[in-house]
Student: 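Below is one structure. I have some questions about it.
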Amino acid sequence: MKEKFYLTSSIPYVHQLPHLGNSFELIGTDALARYKRLADYDVFFLTGSDENSLNVERKTRELNIDPQTYCDQIVTGMQEIWRALNISYDYFIRTTYERHIRTSQDFFQRAYDNGDIYKDFYKGWYCVSCEAFYIEDELTEDKKCPIHNSEPEWVEEENYFFRLSKYQDKLLQYIEKNPDFIQPQIRRNEMLSFINMGLRDFSISRASTKWGIPTPLDPNQRIYVWFDALVNYLSGIGYIDEKEKFERYWPADVHIIGKDIARFHCIYWPAMLMSVGLPLPKSVFVHGWVHLEGERMSKSRGIYIDPTAAVREYGADPIRYFLLREVPFGSDGDFSWQRFVARYNADLANDLGNLLNRTLSLAKRNFDGKIPKPAEQEGEPDTDLIELALSLPAKVDDCTNRLAFNNALEAIFELVRRGNKYIDETAPWQLAKEDNAERLGTVLYNCLETLRFIALLISPFMPESANEIRRQMGLSDDFSEKENLDSLKTWGGLPSGITLGEPKPIFPRIQVETGEKPAPKKETDADNFITMDDFRKVDLRVAEVLSAEKIKGADKLLRLQVDVGHNEERQIVAGIAEHYEPDDLIGKKIVLVANLQPAKIRGVDSYGMLLAAVSKNDIVVVAPDKDVPLGARVR
RNA sequence: GCCGGUGUAGCUCAGAGGCAAGAGCGCACGGCUCAUACCCGUGUCGUCUAGGGUUCGAGUCCCUACACCGGCACCA
């Protein structure tokens, strides 16, 4: 029976759709999951959504929509993003699923039965954004949340508390005895010092909300969102309703999380598990942030990359490759479009793409479009290449198991470069001229076999490209089942005689004009901000329509004569003919952009434009609310 | 303020005491022409942040300083 491997990403809040920074976690987790499948593990990759937050209740009350409907929408969007990025999770757990609710309640009950949950009267400051309580001392001078600088709320209610303090020593011992439990080291140190400062019991229920999971002891109390969120790692593998599956997969081999939630996963969660008597996850891996051009990604500030847009522009694999190759998974990294293009062109287009392309074109031309049969290997170029290829899987295995994806990819691309060098050394085009078919066959076979190695090894990181390489080589693209890492133990696994596919550049070079930004067009808020000065540049004036007529040969255009006051008349062209009859406009007061650069539209001069509200299927001319003198400034 | 990390070629980074300091990108020159103006080769550039110390020998260990980053605390 296969060895199991259970890995999880965190489950993002449903507050907003993930940006590319958030996606880093799923991309890394996915790479590990795919690698483990390739290594013939029985993998279970869990992700999901965290929905029981107080914020959901607030937000949906404001928007006047049903919380569940709201969550459904966000979750759908989230799953679309994961699909675009090719995230191969095995199950998506939502914390509003019944199985999760029951699991959380069961968990709560067990902890209670073990004496680790007690009721106490709670008075304190609560920050909704943090979902956390603060003691007086922790607030800022003017009584604001130290993180969000927002007004916390005074909450006074009876809550259930979890005896975290009881586990302080046990936790400390555990982390000390298991040096790899928290990775990387820096996070481990942080957690240790946090524990050493002393752990306090924490409140795990709320009385003030109707959204969320009722505690089993008192239905008026809802389980604190963090307490139930962590339980997803159990409910997602059937703790309550698929015992066998749960037994098989628990404990998790690794929880992959962001550094902002390290404390919950490295301290609270292990203590909770100790309380109910379940084994602890084997490790928690804390990854860093991906910044954008040096700035922290933030949707609210408009500094982010929309994963879907990025994928649409460049494909999922180049994005995945860049992040995994450029950013050590445990550290913070930076996404820069300039460096993205540099990496893409150098590694993917020039090295890998071109290696495939030139190999195929040589092979196709010379061997009737089929994979040639190799003869004896000859001399250094051959043995050198083969040795490197055969040594690669172990290196990749080591790096990937340590989640050092950047090093794994670096090693793989050494082979890519070696492949290109091999072609130059052996000069197959010369061999063709010399009619040395035997040697030529061997050389090209070696190139193709190298590509088979590469395709298999990059498949966890760039699944689509791996498939495409194999398709072009005439191999089945569905190889993960039949062909795994074992097929890289010896040279020559590639069968001869297969008809090669059509060579086509898999990574077309990205041409960047000087000064042009390669970033995909995005509609961020930041892009929409203009300064007051920007706005003042626009000269808006009230004008009156004197005459209007359709422009011949144009469905949408009207020619208008307008009176802009101060004895000035102008001709403008407006694209509203589909929604207004010319006669209806005459005498109407409108708002005119008076200093717009003149233009010739359908041969008609236009000296300004009128303002109109544009919706999906209507255009409505903007008019002053009351009568004003012509030429009045609008601002 | 406390704890931790980082500081190596123009850029991104590898180098956990020992042959004359490396890779990729960039740049220059040369080669090739199968290929996505690509590939291959050669070369270019470093007071390894600064100062002190340990050692036969230090990017590599210790101390101090500076800069940047992170965690925690505190002040506002």
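Everything numeric here is computed off the predicted structure, so don't read it as measured data. All chains are named by letter (A, B, ...) in the order of the sequence lines, taking the proteins before the strands, and each is independently numbered beginning at 1. The figures here come from the full heavy-atom set of this structure, side chains too, leaving out hydrogens, waters and symmetry mates.
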Student: Quick one: pull up CD1 in I498(A) and CE in M473(A) and give me the separation to the nearest 0.5 Å.
Tutor: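 The CE atom of M473(A) is 8.5 Å from CD1 of I498(A), to the nearest 0.5 Å.
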
Student: Please measure how far the P atom in C13(B) lies from the corresponding atom in U8(B), and state the result in whole Å.
Tutor: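 Straight-line distance between the two P atoms is 9 Å.
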
Student: Ignoring backbone atoms, test whether K421(A) places a side-chain nitrogen or oxygen under 4.0 Å from the OP1 or OP2 oxygen of C39(B).
Tutor: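 K421(A) to C39(B) OP1/OP2: no side-chain N or O under 4.0 Å.
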
Student: Any chance you could measure M297(A), atom CE, to D334(A), atom CG, to the nearest 0.5 Å?
Tutor: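 Reported value, rounded in 0.5 Å steps: 8.5 Å.
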
Student: Considering every strand shown, what is the Watson-Crick or G-U wobble mate of G59(B) when both distances are under 3.5 Å?
Tutor: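 Base-paired to nothing in any strand shown.
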
Student: Name the orientation class of the two ring planes belonging to F413(A) and Y321(A) (parallel below 30°, tilted from 30 to 60°, perpendicular beyond 60°).
Tutor: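 Tilted: the ring planes of F413(A) and Y321(A) meet at 30° to 60°.
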
Student: Which of these nucleotides, U12(B), C72(B), G4(B), is closest to any side-chain atom of E326(A)?
Tutor: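 Out of U12(B), C72(B), G4(B), the nucleotide with an atom closest to E326(A)'s side chain is U12(B).
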
Student: Take atom C1' in C62(B) and the same atom in A16(B), then report the distance between them in whole Å.
Tutor: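 16 Å, rounded to whole Å.
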
Student: Any chance the side chains of N357(A) and K504(A) put a donor and an acceptor closer than 3.5 Å?
Tutor: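 No pair is found: no donor N or O on one side chain lies under 3.5 Å from an acceptor on the other.
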
Student: Among T47(A), D30(A), T29(A), which residue meets the side-chain hydrogen bond (donor to acceptor under 3.5 Å, both in side chains) test with S9(A)?
Tutor: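 Between S9(A) and the candidates, side-chain hydrogen bond (donor to acceptor under 3.5 Å, both in side chains) is satisfied uniquely by T47(A).
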
Student: Relative to the ring of F335(A), is the ring of F340(A) parallel (under 30°), tilted (30 to 60°) or perpendicular (over 60°)?
Tutor: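 Rings of F340(A) and F335(A): parallel, as their planes differ by under 30°.
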
Student: Please measure how far the P atom in U60(B) lies from the corresponding atom in U54(B), and state the result in whole Å.
Tutor: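 These two P atoms come out 15 Å apart once rounded.
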
Student: Under 4.0 Å, heavy atoms only, any strand: does R417(A) hit a base, just the sugar-phosphate, or nothing?
Tutor: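 It contacts sugar-phosphate atoms only.
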
Student: May I ask which nucleotide in the shown strands pairs with C19(B), Watson-Crick or G-U wobble, both distances under 3.5 Å?
Tutor: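 Pairing partner: none.
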
Student: With rounding to the closest Å, how many angstrom separate the C1' atoms on G43(B) and G51(B)?
Tutor: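 Pairwise C1' distance, G43(B) against G51(B), rounds to 35 Å.
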
Student: When rounded to the nearest Å, what value does the distance between C1' atoms of U44(B) and C25(B) take?
Tutor: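 The answer is 14 Å between these two C1' atoms.
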
Student: Residues from residues 498-508 of chain A sitting under 4.0 Å of RNA chain B, heavy atoms only?
Tutor: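 Nucleic-acid contacts, sorted: P505(A), I506(A), F507(A), P508(A).
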
Student: Does G1(B) have a Watson-Crick or wobble partner in any strand here, with both distances under 3.5 angstrom, and which is it?
Tutor: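 Its partner is C72(B) (Watson-Crick or G-U wobble, both distances under 3.5 Å).
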
Student: Between C66(B) and A76(B), how many Å separate the two P atoms, rounded to a whole number?
Tutor: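 So the two P atoms sit 26 Å from each other.
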
Student: Evaluate the ring planes of W226(A) and F264(A), with Trp represented by its six-membered ring, and classify them as parallel (under 30°), tilted (30 to 60°) or perpendicular (over 60°).
Tutor: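 Parallel.
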
Student: How close or far is atom P of C3(B) from atom CD of Q185(A), stated in whole angstroms?
Tutor: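 Answer to the nearest Å: 19 Å.
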
Student: When you compare A65(B) with G5(B), how far apart are their P atoms, in angstrom units rounded to a whole number?
Tutor: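 After rounding to an integer number of Å, I get 16 Å for this pair.
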
Student: Say whether Y13(A) and N55(A), considering side chains only, have a donor N or O and an acceptor N or O under 3.5 Å apart.
Tutor: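 Judged by distance alone, the side chains do not pair up.
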
Student: I need the S23(A) OG to Y304(A) OH distance, nearest 0.5 Å.
Tutor: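 It is 12.0 Å, given to the nearest 0.5 Å.
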
Student: Remember a base hit wins even if backbone is also touched, and classify A342(A) as base, sugar-phosphate or nothing at under 4.0 Å, heavy atoms.
Tutor: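 Nothing, no heavy atom under 4.0 Å.
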
Student: Please list residues of residues 392-410 of chain A whose heavy atoms come under 4.0 Å from any atom in RNA chain B, ordered by number; otherwise none.
Tutor: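 Nothing qualifies; none.
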
Student: Strictly under 3.5 Å: I want the nitrogen or oxygen pairs between protein and nucleotides 28-34 of chain B, one per line.
Tutor:
from, atom 1, to, atom 2, distance (Å)
C34(B), O3', R365(A), NH2, 3.2
C34(B), O2', S361(A), OG, 2.5
C34(B), O2, R358(A), NE, 3.1
C34(B), N3, R358(A), NE, 3.3
C34(B), N3, R358(A), NH2, 2.5
C34(B), N4, R358(A), NH2, 3.0

Student: For atom C1', what is the distance between A23(B) and G53(B), given to the nearest Å?
Tutor: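 Those two atoms are separated by 33 Å.
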
Student: Would R263(A) and F194(A) count as a cation-pi pair here, with the cationic atom under 6.0 angstrom from the ring centre and within 45° of the axis?
Tutor: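 Yes; both conditions hold, so R263(A) lies above the ring face of F194(A).
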
Student: Paired with C27(B) by Watson-Crick or G-U wobble geometry, both distances under 3.5 Å: which nucleotide is it?
Tutor: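 Matched C27(B) with G43(B) under the 3.5 Å cut-off.
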
Student: Have a look at Y268(A) and tell me which of L199(A), I204(A), L164(A) forms a side chain to side chain contact (heavy atoms under 4.5 Å, CB included) with it.
Tutor: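 Between Y268(A) and the candidates, side chain to side chain contact (heavy atoms under 4.5 Å, CB included) is satisfied uniquely by L164(A).
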
Student: If you compare every side-chain N and O of N350(A) against the phosphate oxygens of U36(B) (OP1, OP2), does one of them come in below 4.0 Å?
Tutor: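 No, N350(A) has no side-chain N/O under 4.0 Å of OP1/OP2 on U36(B).
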
Student: Does the structure show a Watson-Crick or G-U wobble partner for U36(B), both distances under 3.5 Å? Name it, or say none.
Tutor: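 Pair assignment: U36(B) / none.
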
Student: By the 4.0 Å heavy-atom rule, please label D347(A) as base, sugar-phosphate, or nothing.
Tutor: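 No contact.
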
Student: How is R263(A) classified with respect to the nucleic acid when contacts are heavy atoms under 4.0 Å: base, sugar-phosphate, or nothing?
Tutor: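 The residue R263(A) makes sugar-phosphate contact but no base contact.
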
Student: Looking at E326(A), I'd like to know if its CD atom is crowded, meaning that more than 12 non-hydrogen atoms belonging to other residues, nucleotides or ligands lie closer than 6.0 Å.
Tutor: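 More than 12 within 6.0 Å, yes.
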
Student: Tell me the partner of A67(B), counting only Watson-Crick (N1-N3 plus N6-O4 or O6-N4) or G-U wobble (N1-O2 and O6-N3) with both under 3.5 Å; none if nothing fits.
Tutor: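 Looking at the geometry, A67(B) pairs with U6(B).
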
